[in-house]
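The structure under discussion appears below in the form of structure tokens.
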2 protein chains.
Amino acid sequence: MAMQANSEPRIPLSRDRVLQAAVAIADADGLESMTMRRIGVALGAEAMSLYYHVANKAALLDGIVELVMTEINDAVDQIDLPAADWKQATRRRILLAREVMLRHPWAPQLFETRTSPAVVVYHDRLVGLMHTGGLSYDLAHHGLHALGSRALGFSQELFDPSAGAGAVPDRMLADLADQVPNLVGMLSEVAHDDPDSTLGWCDDQAEFEFSLDLILDGLDRLR
Amino acid sequence: MAMQANSEPRIPLSRDRVLQAAVAIADADGLESMTMRRIGVALGAEAMSLYYHVANKAALLDGIVELVMTEINDAVDQIDLPAADWKQATRRRILLAREVMLRHPWAPQLFETRTSPAVVVYHDRLVGLMHTGGLSYDLAHHGLHALGSRALGFSQELFDPSAGAGAVPDRMLADLADQVPNLVGMLSEVAHDDPDSTLGWCDDQAEFEFSLDLILDGLDRLR
DNA sequence: ACCTGAACACCGTTCAAGT
DNA sequence: ACCTGAACACCGTTCAAGT
């Protein structure tokens, strides 16, 4: 089925090629398209062949998390900044992590269910930055919890306050105003511009930075 | 297969019975055990029968989110508190929502991928509380984003800083200290007691409240 | 050492057919 | 109106067998 265009000796599979192919599929078509069979055809091989290089699908997913996380760690290590200002330093790190995450919009979902050593290393550096910056270990620890997934540059929102803001038929507007009066009031006052600026997770850059600063400022005040 | 113990007329299925059965299974054995076939046997019916009361599995999951969210909204409406202090009022609401969530540890995962009208209503009330308390709509809007899933009482953490803290063999400790020196330093200083106090999501009550207060205080300061 | 074919257990889902 | 049997397409996975 997966036709081999020519008869050149095929590049042998490897754990890394398998992971790369899987990431490419997720980037293109989402996580749910990333099936063993689909990865197989992308590599011109059978699904069963993958099991020689990867224990099972769970291991494959772990490997992918590690891959993306390493991409982030590499990017973040490039930063050279006088770490005097811990707030500025962690802020830049986190926003850089976010840039990588934005290239892999399916990743947050994975990161929330699996951990990899590289994730732990990333947080280790963050704690280092904080502690050098004058936060006690205890406060840095609280800070890690307060940041949660935002430390890695994303925050899964539960609903988009501005969803369908512009496209509500008149007769429904009255109902809406009845059922969620405060949101209607809020939205009529707050111009939530460019709603779909940053991918599916309704979480645009400005809101992300506001929330991040709110937390960092709060921690700094407790220093 | 699903044996009918006696021959009394069986209670007919209904959308609500299907949803309740599904929730019961998730509570007992987790989300991944909640298959259509399994729900069927729990109700003494065939999996295919469910499709008469529920369009498909996606609709079923939406219904479950609505069910849990209604449970939260009902609980939260019981609170009678002078809404003078917006911070105290939202704090109590959120911690009450958390109590319900803790009874359904599988729910956070679902809430992050699906929305229901009741979720929107919940946030509407939150905005109302904030606005009455003196926050501008704009600030309340930022606040919603800053709270994120914490508004509903949970926060998916990416890893447990204290995982395996007590159970590390001596010879590995040296390696660990090499690779994540800051975490090792932090943990040796911070006694992270009762690590598994609150379910699978490594997110205990004290850390949750600390982070919540950090955000609420930050918003209050911007009022 | 590396890859595959055939097969298995398990999903969600459809549809014509039963009561 | 409500429920079911049989069947389909699709998963992840095993394992003996091929090169």
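First the proteins, then the strands, lettered A, B, ... as listed; each starts at 1. Side chains are part of it too, since the values below use all heavy atoms of this structure and drop only hydrogens, waters and symmetry mates.
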Heavy-atom distance under 4.5 Å between the side chains of [X] and [Y], does that happen here?
| X | Y | result |
| --- | --- | --- |
| A:Phe154 | A:Leu102 | no |
| A:Leu67 | A:Gln20 | yes |
| A:Leu43 | A:Leu50 | yes |
| A:Tyr137 | B:Leu183 | no |
| A:Leu212 | A:Arg91 | yes |

| field | Pairs where residues 59-73 of chain B contributes a residue and the test side chain to side chain donor-acceptor pair (under 3.5 Å) is met, not counting sequence neighbours | value |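 Counting only pairs at least two positions apart or across chains, the side chain to side chain donor-acceptor pair (under 3.5 Å) contacts touching residues 59-73 of chain B are B:Asp62-B:Arg114, B:Glu66-B:Ser116, B:Glu71-B:Arg103, B:Glu71-B:His104.
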
| Within residues 30-43 of chain A or reaching into it, pairs that qualify as side chain to side chain donor-acceptor pair (under 3.5 Å) - sequence neighbours excluded |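 The answer is A:Asp29-A:Arg38.
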
| task | For A:Tyr51, enumerate each residue passing the ring-ring contact (aromatic ring centres under 6.0 Å, His included) test, keeping only those at least two apart in sequence or located in another chain. | result |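 ring-ring contact (aromatic ring centres under 6.0 Å, His included) check on A:Tyr51 returns nothing, list empty.
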
| Hey, mind stepping through A:Ser211 and A:Glu209 against side-chain hydrogen bond (donor to acceptor under 3.5 Å, both in side chains) and telling me if it holds? | CA-CA 5 Å; A:Ser211 305; A:Glu209 296 191 16; over 6 Å; no

| query | For residues 47-59 of chain B, which residues have at least one heavy atom under 4.0 Å from DNA chain D? | reply |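 Residues of residues 47-59 of chain B that come under 4.0 Å of DNA chain D are, in numerical order, B:Met48, B:Ser49, B:Tyr52, B:His53.
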
| For DNA chain C, which nucleotides open and close the run of contacts to chain A, 5' to 3', at under 4.0 angstrom from a non-hydrogen atom? |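 Answer, 5' to 3': C:dA1 to C:dA6.
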
| field | Side-chain (A:His145) to main-chain (A:His141) donor-acceptor, under 3.5 angstrom | value |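 Side chain of A:His145 to backbone of A:His141: no pair is present.
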
| Given Watson-Crick or G-U pairs with both distances under 3.5 Å, what dot-bracket string fits DNA chain C, with | for other-strand pairs and [ ] for crossing? | ||.|||||...|||||.||

